[in-house]
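These notes concern the structure reproduced below.
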Number of protein chains: 2
Amino acid sequence: MKKREDSQIIYKAALSVFSRFGYKKTTMEDIAGELGMTKGNLYLYARNKKSLYRDTISWGLRRWQSRVALAVEKENDLRLKFEVLCHKAIDYLSRDRELHRLMAKDPGIFPMFPDKDPFESINLDSIAMIRDILEQGIREKAFRTVDTHQISQVIFLIYKVFIIEAYIRGKEEEYNQMLSETLGLMTQGLFIPPAP
Amino acid sequence: MKKREDSQIIYKAALSVFSRFGYKKTTMEDIAGELGMTKGNLYLYARNKKSLYRDTISWGLRRWQSRVALAVEKENDLRLKFEVLCHKAIDYLSRDRELHRLMAKDPGIFPMFPDKDPFESINLDSIAMIRDILEQGIREKAFRTVDTHQISQVIFLIYKVFIIEAYIRGKEEEYNQMLSETLGLMTQGLFIPPAP
DNA sequence: AAATGAACAAATTGTTTATTTGTTCATTTA
DNA sequence: TAAATGAACAAATAAACAATTTGTTCATTT
């Protein structure tokens, strides 16, 4: 096996098997089998089962994140950037079956209330992405002035609720519709400004 | 023990003990002790441990709910009703130490994502309360027209996130401040309406 | 009528054994 | 010589059983 594409191949196979059986039920032999090798040999490519699991998930989450970032970059209007961010995050995950099945099998990957978030750095980057858009929008006077530190976290929380309900708990249809309605609430607000 | 105030006294004692030790660790003897009776006698007032636990929680949750409803009724302006609803729900719980300690000990009481909500009817009433305010506000042209069925549920979800973070997971300070900011976002919206 | 405490059943916990599975490494293969 | 193997071993998991606790009932007492 050639050294450069190794990790890609390993992660792909590991994600496939882990997403089918979950962490506990997959054995190192299963993954080795998927790769056409023996479990002893797999240890040339993975320190141990736990780190292989962790790295596989990181790989999957980063791929998700980069796809969203790419879609956002394509837009110019800040309002559209914000809406694309919200929609694309859901949209990508609905297509990456293996990733969201694995997330459904292990709620610890994307926990609503993490004690110690195992993928904290990835999620902090996502929050930073939201915050950047907020700050730019405020600077360009497209957005109302809000506490970007707090609101970016709140938006991430709400986004988590939707991701978990829709793709981890399998209520895709109900929540896709609700997402648009919620986006409307967040962007337009509930109150009608009193006439002057 | 007189028949009429019985349940009040029983629930008060049970809540006190359950909130200290949690369901598993409290024994019927503990609760009987708190009431100055023996565990055998406690069975004149409670079917069994599980139903006593359930009824005690229902009693605590209904008390919480009625306090919020009362505060909302006092306001006339729909915008204020909405804001009071959100603030009072948090405010009451911060004061009812026993209730929120018990909720912290047993996340199944107020689950973020219930499979089968043990206190569904209570929570449905809360959602109905939100919905009523939304519908009145829309009728009076104080609120923008939104899908009240969906938005009342979304607001309840967001409110759950805050309750859980602040009082079940014990991050009271951080989230109290965040709540106001979030209320602002929901009521005013993020986007600045384009000038005509 | 309300309360007790002994009696019993049900559930929980602790302990040990058996089995599986993760990990290493001396040896083989290409 | 780097990559792969499979036997060997250790660590974790599951199964089986005994010991203990605790929920629940009920004949008897206050």
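Here is how names work: the chains are called A, B, and so on, in the same order as the sequence lines, proteins then strands, and each is numbered from 1.
Atom P of nucleotide D:dT22 and atom CG of B:L52 are separated by 17 Å, given to the nearest angstrom. One atom, NZ of A:K49, and another, C1' of C:dT21, lie 8 Å apart when rounded to the nearest Å. For B:M28 and C:dA10, the CE to P distance is 17 Å, given to the nearest whole Å. The separation between A:K50 atom NZ and D:dA12 atom C1' is 10 Å, rounded to whole Å. If you take CD1 of A:I31 and P of C:dT21, they are 13 Å apart, rounded to a whole angstrom. The nearest whole Å value for the distance from the CG atom in A:L44 to the C1' atom in D:dG6 is 14 Å. Taking atom CG of residue B:D30 and atom P of nucleotide D:dT22, one finds them 9 Å apart after rounding to whole Å. Rounded to whole angstrom, the span from the CZ atom of B:F21 across to the C1' atom of D:dT22 amounts to 15 Å.
Not a single donor-acceptor contact under 3.5 angstrom links the side-chain atoms of A:K39 to the base of D:dG6.
Comparing D:dT25, D:dT5, C:dA2 by their closest approach to the side chain of B:Y43 singles out D:dT25. Across D:dT5, C:dA3, D:dT24, the shortest atom-to-atom separation from the side chain of B:N48 is found for D:dT24.
Residues A:Y167 and A:I90 are in side-chain contact: their nearest non-hydrogen atoms beyond the backbone lie under 4.5 Å apart. Under the 4.5 Å side-chain criterion, counting only non-hydrogen atoms from C-beta, A:D106 is in contact with A:Y53. Looking at heavy atoms from C-beta onward, A:P114 lies in side-chain contact with A:K160 at the 4.5 angstrom threshold.
Using bins of under 30°, 30° to 60° and over 60° for the plane-to-plane angle, the ring pair B:Y23/B:F18 lands in the parallel bin.
Each of B:N41 and B:E29 lies near DNA chain D, and the nucleotide nearest B:E29 is the one positioned closer to the 5' end.
Nucleotide D:dT29: paired with C:dA2 (Watson-Crick or G-U wobble, both distances less than 3.5 Å). Pairing for D:dA10 is with C:dT21, a Watson-Crick or G-U wobble pair whose two hydrogen-bonding atom distances lie under 3.5 Å.
The shortest distance between the side-chain N/O atoms of B:Y45 and the OP1/OP2 oxygens of C:dA3 is below 4.0 Å. Taking only side-chain nitrogens and oxygens, B:K24 comes nearer than 4.0 Å to OP1 or OP2 of C:dT13.
Taken from CZ in A:F119 to CG in A:L124, the straight-line distance is 13.5 Å, to the nearest 0.5 Å.
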